[in-house]
Protein chains: 2
Amino acid sequence: MDFSFSDRPNDERIKATLATAASSSDSELTTLFLNVQWTYREMQKAYDRVLDQHHLSESKFILLMFLERADRHRLQPSELAEKLGATRATVSKLLTGMERSGFIQKGHDSVDKRVVLIELTASGQAVLTNFLPSNFQAVDTIFAHFSKPDQQALTGLLEKIKQGTQQLNQENEGN
Amino acid sequence: MDFSFSDRPNDERIKATLATAASSSDSELTTLFLNVQWTYREMQKAYDRVLDQHHLSESKFILLMFLERADRHRLQPSELAEKLGATRATVSKLLTGMERSGFIQKGHDSVDKRVVLIELTASGQAVLTNFLPSNFQAVDTIFAHFSKPDQQALTGLLEKIKQGTQQLNQENEGN
DNA sequence: TCAATGTAATTAGCCGGCTAATTACATTGA
DNA sequence: TCAATGTAATTAGCCGGCTAATTACATTGA
């Protein structure tokens with residue numbers, strides 16, 4: 001596998017976008033914005049590779065975590081969807097794949113016939129247990145160069161981005 | 001549209017993950033990691049909404065930018081793919097959609113019969129010109145709460161994440 | 001009590017990403 | 001010169017996200 005960096009696409013975007021920037025402030029903020037996107041996407045790709053080595057995707061991993069902590073290792077698809085923050089349709093697809101992989105089993109609720117009960121299998125348990133150390137290791141590596149103050153600084157800056165995002169949503173309310 | 005915040009899914013992930021953390025350092029870094037993901041994804045969703053109001057996706061917008069700057073407003077699909085940093089297959093799909101929308105036209109190269117030439121249409125031009133101010137406005141809003149030092153600080157922290165990402169890739173080389 | 005309404009899950013069909021396979025043409029070198 | 005190899009683009013088929021429609025069952029209230 002070739003992970004030698006090609007930052008070229010990012011540079012191309014910056015070049016193209018800066019040519020249309022009206023002010024130097026626009027230029028700086030746009031560069032920063034593209035930098036945030038690029039950094040996140042490279043980070044996520046690297047993290048996804050770790051997950052893939054364990055035959056997992058991020059969402060599937062999170063679903064296994066929820067099941068692991070649930071009473072009797074069982075939850076309804078709708079409960080999983082709400083915890084995950086995805087639609088029921090998406091979760092339905094993910095669960096189909098996880099059943100095929102043998103990570104979960106589907107069962108029926110005795111009371112409400114509409115309900116499906118998703119149960120963690122031993123094999124799903126094992127995959128999760130195996131992945132967890134790699135997960136923390138990956139996060140450690142990503143933030144290897146961070147000092148304590150760096151962590152706090154980033155937390156503060158993320159908070160400001162969240163506020164800006166909320167404003168952007170308000171500006172565009174009513175479609 | 002309802003943009004009232006449900007941070008619940010993020011909280012659920014943090015709760016579930018922290019329960020399995022070995023050290024307090026793991027806890028802190030994992031929380032920070034989830035926070036980075038959450039913040040980016042909310043920001044991107046808001047930005048995508050702005051694009052969608054102009055019948056664009058981010059990749060389509062970038063492709064229009066490349067064409068706008070190109071000699072005679074023309075590029076080959078393979079050139080666009082390399083600049084964009086996506087596969088030719090992906091770009092092929094995007095271009096099909098953009099042709100349907102009337103943003104581009106496909107033509108033939110007189111010399112090399114394998115080559116397709118993508119040309120920006122007047123309508124594509126117009127959509128781009130119209131979107132650009134909204135684009136800068138969106139970026140401004142996202143970073144509305146950032147001071148100059150904040151910008152510099154974030155740039156530095158992103159650099160550290162990039163370094164960590166590269167290390168993570170090295171650790172997982174040869175899968 | 002049963003028609004109207006609500007709810008759980010899935011399916012169909014779209015988007016934008018990917019890899020692998022295919023098609024068509026161009027280039028190269030013995 | 002033409003077989004082997006390279007290259008441009010597309011297509012097939014997968015993934016994980018979405019909305020809208022559908023199916024099947026549960027609840028409610030006149």
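The sequence lines fix the lettering, A, B, ..., with proteins before strands; numbering per chain opens at 1. Computation of the quantities below employed the complete heavy-atom set of this structure, encompassing side-chain atoms and omitting hydrogens, waters and symmetry-equivalent molecules.
If you measure from atom OH of B/Tyr40 to atom P of D/dG17, you get 14 Å, rounded to the nearest angstrom. Here D/dG16 presents its C1' atom at 11 Å from CG of A/Leu84, a figure rounded to the nearest Å. Atom CZ of A/Arg41 and atom P of D/dG16 are 19 Å apart (whole Å). Straight-line distance from the CZ atom of A/Arg88 to the C1' atom of C/dA12: 18 Å, rounded to whole Å.
The side chain of A/Ala86 lies closest to D/dC18 when the candidates are C/dA26, D/dC25, D/dC18. Side chain of A/Arg100, nearest nucleotide from D/dA9, C/dC18, D/dC15: D/dC15. Closest contact between the side chain of A/Val116 and the listed nucleotides C/dG6, C/dA9, C/dC18 involves C/dA9. Nearest nucleotide to the side chain of B/Lys93, out of D/dG16, D/dA9, C/dC18: C/dC18. Side-chain atoms of A/Leu94 lie closest to D/dG16 of the nucleotides D/dG16, C/dA24, C/dG16. With distances taken from any side-chain atom of B/Ser92 to the nucleotides D/dT10, C/dT10, D/dC18, the minimum falls on D/dT10. For B/Pro77, whose side chain is taken as the heavy atoms from C-beta onward, the closest listed nucleotide among C/dA8, D/dA9, C/dA26 is D/dA9. With distances taken from any side-chain atom of B/Asp112 to the nucleotides C/dA9, C/dG17, C/dA26, the minimum falls on C/dA26.
Across all strands shown, C/dA30 pairs with D/dT1; the Watson-Crick or G-U wobble distances both stay below 3.5 Å. Across all strands shown, C/dA21 forms a Watson-Crick or G-U wobble pair with D/dT10, both key distances being under 3.5 Å.
The pair A/Glu171-B/Arg49 does not meet the salt-bridge criterion, since no charged nitrogen lies less than 4.0 angstrom from a carboxylate oxygen. Classification of A/Arg8 and A/Glu12 as a salt-bridged pair holds, one side-chain N sitting under 4.0 Å from a carboxylate O.
When heavy atoms are screened at a 4.0 angstrom cut-off, A/Thr87 is found touching base atoms of the nucleic acid.
Residue B/Lys106 places at least one side-chain N or O under 4.0 Å from the OP1 or OP2 atom of D/dT10. Between B/Ser59 and C/dG16 there is no side-chain N or O to OP1 or OP2 distance below 4.0 Å. Side-chain N/O atoms of B/Lys60 include one lying less than 4.0 angstrom from OP1 or OP2 on C/dG16. Applying the 4.0 Å criterion to OP1 and OP2 of D/dG16, one finds that A/Thr90 has every side-chain N and O outside that range. For A/Arg114 and C/dA9, the shortest distance from a side-chain N or O to OP1 or OP2 is not below 4.0 Å. A sub-4.0 Å separation between OP1 or OP2 of D/dT10 and a side-chain N or O of B/Thr96 is absent.
In summary, the side chains of A/Gln44 and B/Gln37 do present a donor paired with an acceptor at a separation below 3.5 Å, with no hydrogens or angles considered. A donor-acceptor pair shorter than 3.5 Å cannot be found between the side chains of B/Ser101 and B/His55.
Between B/Phe131 and B/Gln53, every side-chain heavy-atom pair lies at or beyond the 4.5 Å cut-off.
Between A/Ala89 and B/Ser78, the residue whose closest nucleotide on DNA chain D is further toward the 5' end is B/Ser78.
The line from CG of A/Leu117 to CD of A/Gln76 is 6.0 Å long, rounded to the nearest 0.5 Å.
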